[in-house]
Each structure stands twice: as C-alpha cells, then as structure tokens.
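So the structure is just underneath, and the comments pick up after that.
Quick note on labels: first sequence line is chain A, next is B, and so on, each numbered from 1.
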There are 2 protein chains.
Amino acid sequence: MPQTVTIRTVAEHAGCSIATVSRVLNGTARTSAEVEARVRAAVAELGFRPSEIGRSLKTLRTRTLGVVIPSLTNPVFAGSVAGMEAEARHRAHTLLLTATDYDAEREWELVGTLVAQRVAGLVLTVADPDNNATLDWLDAERIPYVLVYNEPQGASRASVTVDNAGASRALTQAFLAAGHRRLLFIAGRFSTSDRSRLRHQGYLAAMAAAGLEPEPVLELDYLADTAAHRAALAGLLAGPDRPTGIICSNDLLALSVIAAVREMGLAVPQDVSVAGFDGIAIGRLVTPVLATVDQPTRRMGERAVARLFDLIEGERARTVEHLPFELRAAGTLAPAPHLPPAAPKGRRAATPSPRQTASGKALR
Amino acid sequence: MPQTVTIRTVAEHAGCSIATVSRVLNGTARTSAEVEARVRAAVAELGFRPSEIGRSLKTLRTRTLGVVIPSLTNPVFAGSVAGMEAEARHRAHTLLLTATDYDAEREWELVGTLVAQRVAGLVLTVADPDNNATLDWLDAERIPYVLVYNEPQGASRASVTVDNAGASRALTQAFLAAGHRRLLFIAGRFSTSDRSRLRHQGYLAAMAAAGLEPEPVLELDYLADTAAHRAALAGLLAGPDRPTGIICSNDLLALSVIAAVREMGLAVPQDVSVAGFDGIAIGRLVTPVLATVDQPTRRMGERAVARLFDLIEGERARTVEHLPFELRAAGTLAPAPHLPPAAPKGRRAATPSPRQTASGKALR
DNA sequence: CTGTTAGCGCTTTCAT
DNA sequence: ATGAAAGCGCTAACAG
C-alpha cells in the first residue's frame, strides 16, 4: 500500500493536531519552535509528502497545467513543451500532457479530460484557432488558456507565436532577391495548421508585390515519407522554365523535399534552392545548412506558460504576442541558376552558385 | 468560478440523490431507465464533468502516470513520450511530464512531486539505473515504475530498452567489415547516460574480438554546438594513419560530428565514415543517409506504459525487456579509403567508395 | 432500485 | 500558539 502515512499519522507522531502539522508545512501561521521541530522530525522520519489531491480538493485548485499539442514527434512542439515544462517547474507546477495526433476532433475530448483533472489552465496548439468550439467553451467556462503557434485572426485569444505571414513574406523576398522567379510553395495540410495557411499567404503577398505569378500550392502531408513527396513533386521540376526555388511551410517537410529533389537528380542548392520554416536544431547540422525562418521555439513555450499564469492571476487582456524570428537565408538557399533556354535538365548552371551566407535579423 | 456545478447540483436538477448520479455515471449499479434519463439530461444541460480530484481522493488512485526524462529536445525521448501518451490515452490515463535537463540530482525532486500527485505509476529514464537511491526508494514504497532506454545490469528493475552493447558490437563489426581499422568512438557523457557507457563497451568488445587496438574514447556533450565538437576533434583526424571511421553514441552527436568533420575539409563518407545510434527520423532525410542503429522509439514508450500497467495490476517480475533494433550500415558508413602512405591529407582515396546499402536485420 | 451517510487527506475558520 | 471541526467532490457500504 503506497503511502499509508497521512497528515494524521504525522500529527500522532509529533503529538499535536493535524492543523498544527498543516501550519508547519505551509507556514500558514506561527508555531512554537518546539512543536515545529517535533513535526519536522516526524515528517522526516515517516517520509511524509502531503497529498496534492487532498490539498486540491480543499482549495479547489491544482498545481497542474494542461497541454494539448498535435504531436511530440515534430521537434517544434517538443521544443516548446520543453520550455513550458521548465517554466512550469519554476512555478512549482507540473504539465499534464496530451496529443491530438493531428486529429482536430480529439481536441474537444482531450480538453475535457484535462478539465476533469481541474488543471489550473491550458496551453494548446489547435488546428484552427478562429473557428473552434472547444476554445469558445473554455471562454464560456472562464478557464484560462494560451495558444502557442496559433495566430488567431479574428477571435480575441491569448496566444504566443511569430508573425507567420510577415516571416514568410520576408523569406519569399529573400528568394526573389537571389534572382528566383518561379517559386513553388509546398504546404503542410491547411486543415490542421493555420500556420501553414498564413505562411502561404505571406508567399502570395510577396509574389504579388513583386508582380510575379505564384505557382499553385502543393499541399503535402509532412508525416509522409520521401517517396510520397517525390511522387508529388514528379513533373513539377522538369522543363526549361521549371521552378528554381521551393519554400516549404515547415522544416521537416523541407528536409524531406530536399531528399526527394536530390533523388530526382537535381542538386540543392545549385539546381534548386529550398527553404523551410521553424528553425529546428537539426537544420543547422545538415550540409549545406537549411535555409529557414528561425523561431525561438523553447521561449515560445516559456512565454506561453508565463502568460497563462498572468491569466490565472486575473489578467484580462487576450492578445496575440509576436516573438521575433530570424531569417536564415543561407545554405540551401542560393542564387537562382541560369536555366538553359531549351535543354530541359541535367546540365548545371554556368555560375558556380557561391554559398550565400547573408542572415537577416529579427523583423519583430 | 470555473465549475461550480458538482454532483450535488446534478442530483438536485434530476430530483434524485447524489448516489444515484454516481451510479448512473459509473454504471456501478442498475438504475431505472426513467431516473437514468433524468440524470443524463441534467448532466448534459449543466455540462457536468465529475471531478477527478474528488474521485481520486475517495478511491486513493489517480488516472495519471508520471514521466521523468532527461529532455524533450532529444527526438529519441520526445518520440518515446509520444508512444507513452498514446498508450496511456488508450487506457484512459494522462501523463504528468517532467524533465531533468540532464541534472541527475533533479530526479529525486521530480519523483517527489510526481508521487505527491499520487500518480498510479512512473516511467523514467535516469542517469544511472544501477546505483540510484531514487529508484531504491520507489521500490521501498512499492510504487510501480518502468525504465525506458536504461539497461540496468545488476539491480532487478523493470525496463524497456535495446541490447545496447550488442547493437554497438554489431555496428562496430559493420565498420570492420567495411575495411576500417582505426575507429574512433565518441560518446555522450557517461555520467548522464548508461546507454553511452554500454555502447562504448560494445565497441570495445568488438575491437578486442578483432584483435584491434581501440582508440581512447572521446566524451563529448551532445548538446554543445558544432564548433565545440570541431575543437575536440581537431588533431585527431590528421596524419597518415588517422581514423577512417567514427562511431557516435547517439544520432544528434553524429550529425554534429559530420558537420564538424566536413568543416575540417574531409568528406563524409569518402574520407571518414560516421555512424550514430538511435535512428531518429531526420537521419533518413540527410544526404547521404545517416548510418545508425535504428530503435523502435515510439514502441519503446508504448511498451513501457503497457508494462507499467502490468505492474500496477500486480505483476511481480521486474525484467529487462529488449526490443529489436535494426542496423542501418549505409550512407555515411562506406568502405574505408586507402590512406596515402605518407601524404597526410587532402587527396581522396583511390577507390571511388561505392555507397554501401547493406542493412542488417534485427539481432533481437 | 434508491437514499443516507461516512469518510478519502487536506486547509481553514473558529474557539480556546 | 494550538485544537476541534467543518467541508471540498466524490464513491461505496449500508439501509430501506
């Protein structure tokens, strides 16, 4: 029987009432040094740890925060959860972690179980923050929550994110500045990610501003394997005026696309430049370095929890907080090759494509 | 006030006693169809969710599992936690997640807070499973737990892992079969990882069996950046009889070492072959593919939770469960180059180093 | 089949 | 400074 020792056991051992034990442990009221010593001795001897459950039932508050994310397999979410955990730990709280596996239906169910546990608040990344009955319900129940990576457009919801459209615009402009004209945008499923949608919009805006025709978006499942991605790309990268650049809505997708492009016999970035989005750590380790928009992943999680505590403590404002990002327009993003006017492919560009190492700074 | 509606509110609404409400909700005893309908209606109308806290206090059991891992930033742990979460969800449980950030001291503290929450059991990855006061204490308290990725040698503890030494031996033999003779082993900190120690031992065993002299182990922090790794490697890869192969005790380290080696002007795998350990997803996406020992990361988490439930339900055996691994001796692991007898470096091997694509199967 | 009631472990008045 | 006692939301034993 794990833990048959309760506050009563301690009280008997110390020869005092349970109220006194509680006072000593919580420092709620002054106690005589003598009694306190006896209590502490008893606690130590018995190895007593007050039950959070009993405490919670009485105070009607727990020291747990609920977390709902799509998946831990994506380093972006794993990293932000790491930040949440650290911040929560500093505030003597623990995380109740759940994942939807990209099934938006499951959001409701998971929030339900978390609320049944009476979490003090929630941090979540949902499929669609603007049209979301679960979040509306949390609002109605006045349960505090903060979104991460979601960037609600209409609804007023507390969230921590980056300026996705702005960052994507900046990334697209970096491609244009490198001489690229035909640019492919490959997106993760719009239905499960507003990030993906907003990043695509940034691309469209930048192309329009440059007076260029955007390519039809290619919506891919980033969880699928390279073979699937290669199949989807087949045909799109042939011909004399094929796209010379590919922007992917996340880094995992970008790495897979790069592998696919290479398997098709094209060199990255000499023949095709590819960039991702997120700034996962591994992107810095591959050769050449993955061009991307670097976000402060861990800090996103920390900030989300910090803001959640603000809400718990009565803060009223429900604002979208934008953290700074950093453009990494290097490595797999190089100047556009001079495509041969007729010969479809196989030949390398005449220019040796020196590695571009410019690195944009935070656009705020 | 979130949730002022309790079982009592529902009872009033349905015109019955709280006991009846409880019976309907839990299906503990038969109730008349009429009353049941009234209760269900009241529950729906009020949006009532029974408090897990009240339930737990009464039954002295919670539906939460405590998790202690070094860090979510390593995809290996993130992946296994994903597996734990899925398995726990199937069994109507939730994970209380904590991370030590590789601070072994913190294990004790985290287990304490988790136990205070009265988790039903624990899944953990610790720095040293054989000499661990925290685990001894859990044993004494008879709190069920399962280790993941730890491979206790002496102590009898439930754990789910792979045969680290065996896998490392197999990997080393693959290097030897490819003609490598001078093989460097780069390990993560031994003090925070028994995996690292065991994998090193496997390397030593394989070298000894082949009658070869092992190199002094290089202990590195895999969290450090490539610059640090390059500094540590400097000098070790020069000279006419420099090592032609490097085995790293984990994939993240391997990717960083590859980047460092390339920055030193050596080609991977033409000049130096490099392999990692773990089989993280990104390893398949880099070019060439990362040679490694592929473990069923997610399944490790699932199995750990499954076994934890066995323990919770009274299972007595505390055994080490080995899941099968798969050797991926391809990509960054290629035949050893013919080193020039005198000229120190800069020239490529005479043989074109065809990519080796053999892929070992599970050794069980 | 249903209601009454006694706690589960703890915090917190209210007395003393 | 300390103790007695009430009660948080729920389950389960016991009556009826």
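Put simply, CD1 on I53(A) is 12 Å from C1' on dG9(D), counting in whole angstrom units. One atom, CZ of R8(A), and another, P of dT11(C), lie 12 Å apart when rounded to the nearest Å. When the C1' atom of dG7(D) is taken as reference, atom CD1 of I18(A) falls 12 Å away, rounded to whole Å. With rounding to whole Å, I7(B) atom CD1 is found 14 Å from dT2(C) atom C1'.
Between T31(B) and E36(B) the shortest heavy-atom distance is OG1-OE1, 3.6 Å.
Under a 3.5 Å cut-off, the side chain of R318(B) and the backbone N or O of A155(B) do not form any donor-acceptor pair. At distances below 3.5 Å, at least one donor-acceptor pair connects side-chain atoms of D194(B) with backbone N or O atoms of E151(B). Between the E315(B) side chain and the A317(B) main chain, a donor and an acceptor come within less than 3.5 Å of each other.
Environment of CD in E105(A): sparse, with no more than 12 heavy atoms of neighbouring residues, nucleotides or ligands closer than 6.0 Å.
Residues from residues 20-38 of chain B lying near DNA chain D, meaning a heavy-atom separation below 4.0 Å, are S22(B), R23(B), N26(B) in numerical order. Only L57(B), K58(B), L60(B), listed by number, bring a heavy atom of residues 55-64 of chain B to less than 4.0 angstrom from any atom of DNA chain C.
The aromatic ring centroids of F48(A) and H13(A) lie 6.0 Å or more from each other.
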**Asked** Would T161(A) and S159(A) count as a side-chain hydrogen bond (donor to acceptor under 3.5 Å, both in side chains) if you check the C-alpha gap in whole Å, the side-chain angles of each, and the deciding distance to 0.1 Å?
**Response** CA-CA 6 Å; T161(A) 177; S159(A) 82; over 6 Å; no

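Taking for each of G54(A) and A19(B) the nucleotide of DNA chain D with the nearest heavy atom, the 5'-most of the two is the partner of G54(A).
Note on S51(A): every side-chain N or O is 4.0 Å or more away from OP1 and OP2 of dG9(C).
Evaluation of the side chain to side chain contact (heavy atoms under 4.5 Å, CB included) rule for T59(B) yields R55(B), R61(B) as partners, not counting sequence neighbours.
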